[in-house]
Each structure stands twice: as C-alpha cells, then as structure tokens.
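Structure record follows, encoded as structure tokens.
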Amino acid sequence: MNNLLGEEREQYPKKRKSCDEATTNMRTSRRRLCNNKNEEDGHNYNKSVSTTLKLYDDPWKIKKTLTDSDLGILSRLLLAADLVKKQILPMLDLDDARAAETEEGSPVNVWDMETNSMHQLVLKRWSSSKSYVLIGKWNHDFVRRRDLKKGDEIGFQWDPFNRAFNFCVLKRATRLNNGFISL
C-alpha cells in the first residue's frame, strides 16, 4: 500500500513555489555565496562587488588651477609629485619614466584638443622641491598662445593610442573686461 502511494505521488506534479518565494530563496542563496568568503574573516560585507553607481567618470585625471608661478617667465608648469607618480609616470615607457627623474627629463607630447596642435614639453623632477615640472615652451605654446590666466583650470589626460597627453582648458577664471565679467 505504501508503495502504491509513492507511485501515485510521482504521477502528480509537485506544487510550484510562488515567484516571491523563488526570488527570496535565490537572493538568500546568492547572499550566502557572496558572504561565505567574508564570514571567514569576520566581516559581513562583500568586498568584491561595488554597489556604488557611477554615472560619469571624469577623463581629466590631471587637473591644475594655474597660479602666478605657472604663468611666469620661468616657463614651467609645477605639478604635485603624488599626482605625477599616480597619473603620469605609469603611462610612460620605463625609460621615459626613469628619464623624468633625472636632470635632463623626458620629452612628452601634448595635444591641444581645442586648437588641434601638437606641442612637446619636457617632464622632469625638480630636485629642490621634489615636485615635477613641465618645461620647454610651456609659456610660449600654452600660456601666451591660449591666453591663460591665474585661476584658469587646465586638464591633461593620457591618450594611449597616440602616446601623448591631451590638454584642455577646463574652466576660465572670472575676468573683468571693461567693467563686464566674462567667463
């Protein structure tokens, strides 16, 4: 008789779980899979998955608000050491990165995106301040030609296909011009 009941059960389909039950079970099992690794080290969160939604990634990783010293007659753009070490040196060939640490420096190509012109500057470490500078024709090719002023924000980004830095004036400082403010 017990055998007969077992055969009858196989003939009837099993009751399906509701969508809500199935979804809850699936979420729970995913959570367990994700958290197993973290439970071992005592944490209850998932380190491998970011839940932050990023709608826009600013391509201008190297930004600088120009100062009087960047615009002066010394014709050099001063860059912070940590910025150069994170955003510039890793983009250069090993030989060029090493050369940037020397007194001679390393030549770098800079494409002005707004005027469609290529320029060459030299990146080198300044021994007195441990900072880095872009020297060469900085004053002639950028400051005077582009009418850069104190407070203007400029940006650089690495273009791996052309092996050059793209340059752009990101924001002009507020200027008084015959009593009018221009941006």
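Under the 4.5 Å side-chain criterion, counting only non-hydrogen atoms from C-beta, Tyr132 is not in contact with Arg76. The side-chain heavy atoms of Lys64 and Leu78, taken from C-beta on, include a pair separated by under 4.5 Å. Using a 4.5 Å heavy-atom cutoff, the side chains of Trp158 and Gln87 are not in contact. Annotation: side chain of Leu66 is not in contact with side chain of Lys150 (no heavy-atom distance under 4.5 Å). Looking only at side-chain heavy atoms (C-beta outward), Phe167 and His119 stay at 4.5 Å or farther from each other. Under the 4.5 Å side-chain criterion, counting only non-hydrogen atoms from C-beta, Lys149 is in contact with Asp147.
There is no path of hydrophobic side-chain contacts, each under 4.5 Å, that joins Trp126 to Val84. Under the 4.5 Å side-chain heavy-atom criterion for Ile, Leu, Val, Met, Phe, Trp and Tyr, Trp111 and Ile88 are members of distinct hydrophobic clusters. Clustering ILVMFWY residues whenever any of their side-chain heavy atoms sit less than 4.5 angstrom apart, transitively, puts Leu134 in the very cluster that holds Ile62. Under a hydrophobic-cluster definition in which Ile, Leu, Val, Met, Phe, Trp and Tyr are linked whenever side-chain heavy atoms come within less than 4.5 Å, directly or via other members, Met113 and Val110 are assigned to different clusters. Cluster membership for Leu77 and Leu89, using ILVMFWY side-chain heavy atoms within less than 4.5 angstrom, is shared.
Under a 4.5 Å side-chain heavy-atom cut-off, the cluster of Ile, Leu, Val, Met, Phe, Trp and Tyr residues that includes Phe161 has no other member.
Within 6.0 Å of the CD atom in Glu114, the count of heavy atoms belonging to other residues, nucleotides or ligands exceeds 12. Heavy-atom neighbours of Lys61 NZ from other residues, nucleotides or ligands within 6.0 Å: above the threshold of 12.
Between Phe165 and Phe156, the ring-plane angle classifies as perpendicular under the 30° and 60° cut-offs.
For the residue pair Thr65 and Gly151, the shortest heavy atom distance occurs at CG2-O, 3.6 Å. In this structure, Gln120 and Pro107 approach most closely via the heavy-atom pair NE2-CB, 3.6 Å. Closest approach of Ser131 and Leu79 over heavy atoms only: CB-O, 3.6 Å. Of all non-hydrogen atoms in Lys63 and Leu83, the two that sit nearest each other are O-CD2, 4.3 Å. Nearest heavy atom pair, residue Trp138 against residue Asp70, reads NE1-O, 2.8 Å. Counting all heavy atoms, side chain and backbone alike, Ser75 lies closest to Lys137 at OG-C, 4.0 Å.
Although no hydrogens or angles enter the test, the distance criterion places a donor-acceptor pair under 3.5 Å between the side chain of Asn139 and the main chain of Gly72.
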Is there a salt bridge (charged side-chain N to carboxylate O under 4.0 Å, His left out) between Glu103 and Lys124? Walk through the geometry before answering. CA-CA 7 Å; Glu103 190 63 32; Lys124 72 179 214 171; 3.2 Å; yes

Pair Ile154, Phe142 - check side chain to side chain contact (heavy atoms under 4.5 Å, CB included), show working. CA-CA 11 Å; Ile154 61 169; Phe142 293 93; over 6 Å; no

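For Asp112, the salt bridge (Lys or Arg N to Asp or Glu O under 4.0 Å) test picks out Arg145, Arg146, with sequence neighbours left out.
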